[in-house]
Amino acid sequence: MKRPEMVAIFGPVDLGIEALAHRWLDILLQQEGCTLTAYFARLERDEDAGEYDFADETLDLSGREDLERRISRHGGGLWSCRVPLGFANADVYSAMFSPPEQPRQTTLHLQIESSITRFTEEQPETREPFTAFLVRVAHQIGAPWFIAGLHLPMRPVTRETFLQGGGPHTQPYVVGWKPDSLDARPLLQQWGVRPEEVQHSVLGYSVVTRFPSR
């Protein structure tokens, strides 16, 4: 049975959408060796739910300059590229958005093909490189925290949402945070995680993984 797509949400980052998109594209294209596809879609915000969805999908994106023009014109967007994750290449859809009242609090939302969900669930040796990829992204864009897992909606992860593990209907597999950005003890206590079970990366993030046992 096909597994749900893996979702990773980073932020909020203290940058406008255009500035963060420029930084993220530098990382994708120059450092990660990714290739853009021709896909692009606008984002629309449900004001009541505070969530985003995509609209007006197209397959006529001509490259980075065209993408940055569209992001500027639409105030964000959704696009895709092929990303090497160390253990597999994956189609990754990137979206960026910020609340209208906080234009410099921008979220990066990654939707990663379902094969990566299956790999990380069934092959434990893939979990470390996948987690390292998430930490590297958070560090490179300057995110204070991130959550990756299943059924994460396309909306910002506030401090309160992070401390709830993403919300009541999500299935978090990896969470990471800068210790100076928040006190994660309420989340760790909720999950029954002992301090010695928290991983500490050389990039300054604390990390907890919750992949299912198979």
Are Val202 and Phe133 linked, directly or through intermediate hydrophobic residues, by side-chain heavy-atom contacts shorter than 4.5 Å (ILVMFWY only)? yes
Pairs under 3.5 angstrom only: tabulate donor-acceptor contacts from the side chains of residues 137-147 to other protein residues two or more places apart or in another chain.
| from | atom 1 | to | atom 2 | distance (Å) |
| --- | --- | --- | --- | --- |
| Gln140 | NE2 | Gln31 | OE1 | 2.7 |
| Trp145 | NE1 | Gly11 | O | 2.7 |
| Trp145 | NE1 | Val157 | O | 2.9 |

As a quick check of understanding, evaluate side-chain hydrogen bond (donor to acceptor under 3.5 Å, both in side chains) for Thr161 and Thr158, giving each step before the final call. CA-CA 5 Å; Thr161 303; Thr158 64; 3.0 Å; yes
Check side chain to side chain donor-acceptor pair (under 3.5 Å) between Ser98 and all other residues, then give those that pass, not counting sequence neighbours. none
Indicate whether any N or O donor in one side chain lies under 3.5 Å from an N or O acceptor in the other, for Tyr93 and Glu5. no
After noting the C-alpha distance and the side-chain angles of Arg45 and Glu47, does the key distance pass the salt bridge (charged side-chain N to carboxylate O under 4.0 Å, His left out) rule? CA-CA 6 Å; Arg45 185 172 189 258; Glu47 297 296 335; 2.6 Å; yes
Keeping the roles fixed (side chain from Ser72, backbone from Glu68), state whether a donor-acceptor pair exists under 3.5 Å. no
Does Leu61 reach the side chain of Arg70, with side-chain heavy atoms less than 4.5 Å apart? yes
Rounded to the nearest 0.5 Å, the CG atom of Leu182 sits from the CZ atom of Arg159 at a distance of 5.5 Å
To the nearest 0.5 Å, tell me how far Glu32 CD sits from Asp26 CG. 12.0 Å
Which heavy atom of Ser114 sits nearest to which heavy atom of Arg3, and what is that distance? CB-O, 2.9 Å
In Å, rounded to the nearest 0.5 Å, how long is the span from NZ of Lys178 to CG of Leu203? 7.5 Å
For Tyr205, give me all partners under ring pair (Phe, Tyr, Trp, His ring centres under 6.0 Å), at least two apart in sequence or on another chain. none
Can you check whether Leu59 reaches Phe40 side chain to side chain, under 4.5 Å on heavy atoms? no
If you count the non-hydrogen atoms of other residues, nucleotides and ligands that lie under 6.0 Å from CD in Gln123, is the total more than 12? yes
Is the shortest heavy-atom distance from the side chain of Glu197 to the side chain of Val208 under 4.5 Å? no
CD1-CG distance between Ile17 and Leu108, expressed to the nearest 0.5 angstrom: 11.5 Å
Roughly how far, to the nearest 0.5 Å, is the CG atom of Leu188 from the CZ atom of Arg185? 9.5 Å
Just wondering, do Asp53 and Glu44 contact through their side chains at under 4.5 Å, heavy atoms? no
Straight-line distance of Leu152 CG to Ile9 CD1, nearest 0.5 Å: 4.5 Å
Of all residues at least two apart in sequence or in a different chain, which pass the side chain to side chain donor-acceptor pair (under 3.5 Å) check with Asp180? none
So, His22 versus Arg64: side-chain donor-acceptor pair below 3.5 Å or not? yes
Give me the atom names and distance for the closest heavy-atom approach of Pro212 to Glu121. CG-CG, 3.8 Å
Do Val174 and Val193 sit in the same hydrophobic cluster, where Ile, Leu, Val, Met, Phe, Trp and Tyr count as joined when their side-chain heavy atoms come under 4.5 Å apart? no
Residue pair Pro179 / Gly204: nearest heavy atoms and the distance that separates them: CD-O, 3.3 Å
I need the minimum non-hydrogen distance between Ser201 and Val135, along with the two atoms involved. OG-CG1, 3.6 Å
If you look only at pairs with a residue in residues 177-202, which of them pass as a ring-ring contact (aromatic ring centres under 6.0 Å, His included), with sequence neighbours excluded? none
With clusters defined by side-chain heavy atoms of hydrophobic residues (ILVMFWY) lying less than 4.5 Å apart, directly or transitively, does Met154 cluster with Ile71? no
Applying side chain to side chain contact (heavy atoms under 4.5 Å, CB included), name anything that partners Thr35, two or more places apart in sequence or on another chain. none
Sequence neighbours excluded, which residues qualify as side chain to side chain donor-acceptor pair (under 3.5 Å) partners of Glu196? Arg194
Is there a path from Phe10 to Phe97 through hydrophobic residues (I, L, V, M, F, W, Y) whose side chains come within less than 4.5 Å of each other? no
Could you walk me through whether Leu163 and Gln190 satisfy the side-chain contact (heavy atoms from CB on, under 4.5 Å) test, starting with their C-alpha distance in whole Å, then the side-chain angles of each, then the deciding distance to 0.1 Å, before giving a yes or no? CA-CA 9 Å; Leu163 293 175; Gln190 174 186 329; over 6 Å; no
With a 4.5 Å heavy-atom cut-off, do Leu36 and Leu67 have their side chains touching? yes
Pro4 meets the side chain to side chain contact (heavy atoms under 4.5 Å, CB included) criterion, sequence neighbours left out, with Leu150, His151
Side chain to side chain contact (heavy atoms under 4.5 Å, CB included) filter on Leu15, not counting sequence neighbours, yields Val13, Ala19, Leu20, Arg23, Arg104
Could I get the full list of side chain to side chain donor-acceptor pair (under 3.5 Å) partners for Ser62, not counting sequence neighbours? Asp66
Taken in chain and number order and not counting sequence neighbours, the residues that satisfy side chain to side chain contact (heavy atoms under 4.5 Å, CB included) with Glu57 are Tyr39, Ala41, Phe54
Minimum heavy-atom separation for Cys34 to Leu29, with atom names? O-CD2, 3.5 Å
Common cluster, Val7/Met96, ILVMFWY with side-chain heavy-atom separation under 4.5 Å: no
Determine whether more than 12 heavy atoms belonging to other residues, nucleotides or ligands lie under 6.0 Å from atom CD of Glu65. no
Can you give me every donor-acceptor pair (side chain of residues 77-91, partner residue at least two apart or in another chain, under 3.5 Å) with its distance?
| from | atom 1 | to | atom 2 | distance (Å) |
| --- | --- | --- | --- | --- |
| Ser80 | OG | Thr37 | OG1 | 2.4 |
| Arg82 | NH1 | Asp91 | OD1 | 3.0 |
| Arg82 | NH1 | Asp91 | OD2 | 3.4 |
| Arg82 | NH1 | Glu113 | OE1 | 2.9 |
| Arg82 | NH2 | Asn89 | O | 3.4 |

Report yes if some heavy atom in the side chain of Val207 is under 4.5 Å from a heavy atom in the side chain of Val198; otherwise report no. no
Gln111/Val92 under side-chain contact (heavy atoms from CB on, under 4.5 Å): CA gap, chis, key distance, verdict: CA-CA 6 Å; Gln111 185 174 306; Val92 176; over 6 Å; no
Can you classify the ring geometry of Phe211 versus Phe130 as parallel (below 30°), tilted (30 to 60°) or perpendicular (above 60°)? perpendicular
For the student: nearest non-hydrogen atoms of Gly165 and Leu187, plus distance: N-CD1, 3.7 Å
